[in-house]
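Letters A, B, ... are given to chains in the order of the sequence lines, protein chains preceding strands, and every chain is numbered from 1. Keep in mind that the numbers below use all heavy atoms, side chains included, and drop hydrogens, waters and symmetry copies.
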Amino acid sequence: MADRKALQAEMISGHSGASPGLGMQRDLEVCKLVDTTTCIGCKACEVACAEWNDMPFTPTTFDNTYQTMPETRWNFWNLIKFNEHQNPDGTIQWLMRKDQCMHCADPGCLAACPADGAIVKYANGIVDFNQENCIGCEFCVSGCPFEIPRFNPMTKKVYKCTLCSDRVGEGLEPACIKACPTGCLKFGSKDDMKYIAEERAKQLRDNFGWQNAGVYDPQSVGGTHVIYVLHDATDPERYSLPKNPTIPWSYTVWKWLFKPVLGTFALFGFLGVIAHYITSGPRVAQPEPPEKEGPDAGINV
Amino acid sequence: MPASTSSSVERFDDKARNAFEHAGKTTVYRGELLRHPVYTRVLHWAVALFFFLALFTGFGIYLPWLFRWFTPFFGGGPLSRVMHPYFGVGFVFCFGLQALNWLKPMIWTAADSRWMRNIKGVVSGEEKMDPPDTGFFNAGQKVQFWEIVGGCVVYLITGVVLWAGARTFGRIPVAVSYVLHDISALIMLGGIFIHIYLSTIGEPGTFQSMIRGAVSEAWAWTFHPAWYKQVTGRDPQQDCEEARRKMNSSTKPPKQS
């Protein structure tokens, strides 16, 4: 245990500044690599996720695909999405992509969250929800470009993939990685995973004829800590990934500019009326009694 | 607004006022005038109740960092968030009734524009009495009324979007609604300080109009001279001077030795 490091918080929702002691220790940024070209759709990662996070399986709907359920749920964070894509030449691609939280470097959920400490980004890149601080406003749902946070109507709180922060903090790989039988899922430092991903994409381009093969690591959210190798990186939408994920600008402007400024104005309403009462006093119904005269009448300005 | 609509609104208001007058009563003593009937008072305090419930639950959503200590009163953050929209609907509904009730006296007139140009004298207290053409509501009250009407529209539209969430309306509408909802709340919060101040310690004698429903004649000729003239048929200026003469003659002359 002595060589284990606790997770260091780097960003905290609704909270100004970083946590004390940030940067005293350097953590490697972790990353999950999903190679969609070697995924066989076995769903072992789905089971491992539900098992490790102790989430009972709930009834689902069948929608004529291989998919376990139409979309992730508050108690089902890891879902293989099966997409059927028809190429211009008439051939069909059956695409399998593991859908989960992307752990963005610039997380939209955290930017949108008003609650102090409900969302934390650790120095190793993991974005985690702390449900004890969550107020269930669901603003994170609108902040996330990947449709990941899910509301639980029973607890009135929001849940998502933790990248197994409990395991990673103890030096273990996430549960989904451990379960993957094909090596399609890899886990390590961001630099290493990026290198492996680029090498694999190059291999796909050079040796397998996937001329557009590439790595999905969208820079519009500062890069992500889950990256994909795609057969065709020019069209991530066929894997139901957004091409250019963005965070609504209004959240940033509102939180760091308007909130303090306008809040101060509202407070001035309170201070203003007190100042008015002290300096100019109340206006009373007329006629008032005659004012006092003589030496102790006070100063009349 | 077509004539038929406005008259149906009037019929509704009259019916409600009559019904509430049977349920409660307003005692007007000699030297006083009826200001607000039972219906208006009940609506006002219903609006106030819902306003503060929505405000305090809203604080917990707006800045949990500062207002987390508020949330236990409402059963915690998530429950505050669940109840906030219901309080908001109550606020908009009750204020909607009040808006119908007050639609007529709140219509903007040329006298109000003059009052607004003269606002400096009123705020500084240089003008002891409001201008003689100030009616049942002055221009400041009307501005606040229409601000709340506008605010309610913003609350309702953006509130429904926030209530249903990004899964129903999409991400951008929610992100924009969040900002507009908060701006509207902050304007109203600034306004409520002024409203409470002027109706209590800022202009003494005002608060009883929303509690008992009656105000003193002196209050009426000071702050709403045109209304005083309309209901009594007497000249506010003259009555004020009359009262001043009486007061001066009743004060004791200095003792002669």
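The candidate with the highest count of non-hydrogen atom pairs below 4.5 Å against chain A, out of B:His84, B:Glu126, B:Glu127, B:Arg167, is B:Arg167. Listed options B:Thr71, B:Leu162, B:Val122, B:Leu63 were ranked by heavy-atom pairs under 4.5 angstrom with chain A; first place goes to B:Val122. With chain A as partner, the option from B:Tyr178, B:Phe223, B:Trp219 having the largest number of non-hydrogen pairs under 4.5 angstrom is B:Tyr178. Considering only heavy-atom pairs separated by less than 4.5 Å from chain B, the leading option among A:Phe265, A:Phe139, A:Phe151 is A:Phe139. The candidate from A:Gly143, A:Gly272, A:Gly281 with the greatest count of non-hydrogen atom pairs under 4.5 Å with chain B is A:Gly143.
For A:Tyr251, the part sitting under 4.5 Å from any heavy atom of chain B is the side chain, from C-beta outward, and nothing else. Heavy-atom distances place the side chain of A:Glu71, and not its backbone, under 4.5 Å from chain B. Contacts of A:Phe268 with chain B are absent, with no heavy-atom separation under 4.5 Å from either backbone or side chain. Neither the backbone nor the side chain of B:Trp163 comes within contact range of chain A; no heavy atom of the residue lies under 4.5 Å from a heavy atom of that chain. Heavy-atom distances place both the backbone and the side chain of B:Asp130 under 4.5 Å from chain A. The contact between B:Val82 and chain A is made entirely by side chain atoms (from C-beta outward), counting heavy-atom distances below 4.5 Å. Of the two parts of A:Ala112, only the backbone, made up of N, CA, C and O, holds a non-hydrogen atom closer than 4.5 Å to a non-hydrogen atom of chain B.
The environment of A:Phe270 atom CZ is sparse: at most 12 non-hydrogen atoms of other residues, nucleotides or ligands sit within 6.0 angstrom.
Across A:Val284 and B:Thr222, no two heavy atoms sit closer than the pair O-CG2, 3.7 Å. Summarising the geometry of A:Val141 relative to B:Ala166, their closest heavy-atom pair is CG1-CB, 3.9 Å, with the distance given to 0.1 Å. Considering every non-hydrogen atom in both A:Ile135 and B:Pro64, the closest pair reads CD1-CG, 4.2 Å. The shortest heavy-atom contact between B:Pro78 and A:Cys134 is CG-O, 3.6 Å. In terms of heavy-atom proximity, B:Met247 sits nearest to A:Glu288 at SD-O, 3.4 Å. The two residues B:Pro204 and A:Arg283 have their closest heavy-atom pair at CD-O, 3.3 Å.
With values rounded to the nearest 0.5 angstrom, B:Arg171 atom CZ is found 5.5 Å from A:Thr246 atom OG1. To the nearest 0.5 Å, atoms CG (B:Leu180) and CH2 (A:Trp254) are separated by 9.0 Å.
Using a 4.5 Å heavy-atom cut-off against chain A, the contacting residues of residues 186-203 of chain B are B:Leu186, B:Leu189, B:Gly190, B:Phe193, B:Ile194, B:Tyr197, B:Ile201, B:Gly202, B:Glu203. Within residues 138-151 of chain B, no residue has any heavy atom under 4.5 Å from a heavy atom of chain A.
Side-chain contact between A:Lys157 and B:Arg81 is absent, with no heavy atoms from C-beta onward closer than 4.5 Å. Side-chain contact between B:Tyr62 and A:Cys137: absent, with no pair of heavy atoms (C-beta onward) separated by less than 4.5 Å.
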Carefully, step by step, assess B:Gln237 and A:Gln286 under the rule side-chain contact (heavy atoms from CB on, under 4.5 Å). CA-CA 10 Å; B:Gln237 203 69 38; A:Gln286 300 296 317; over 6 Å; no

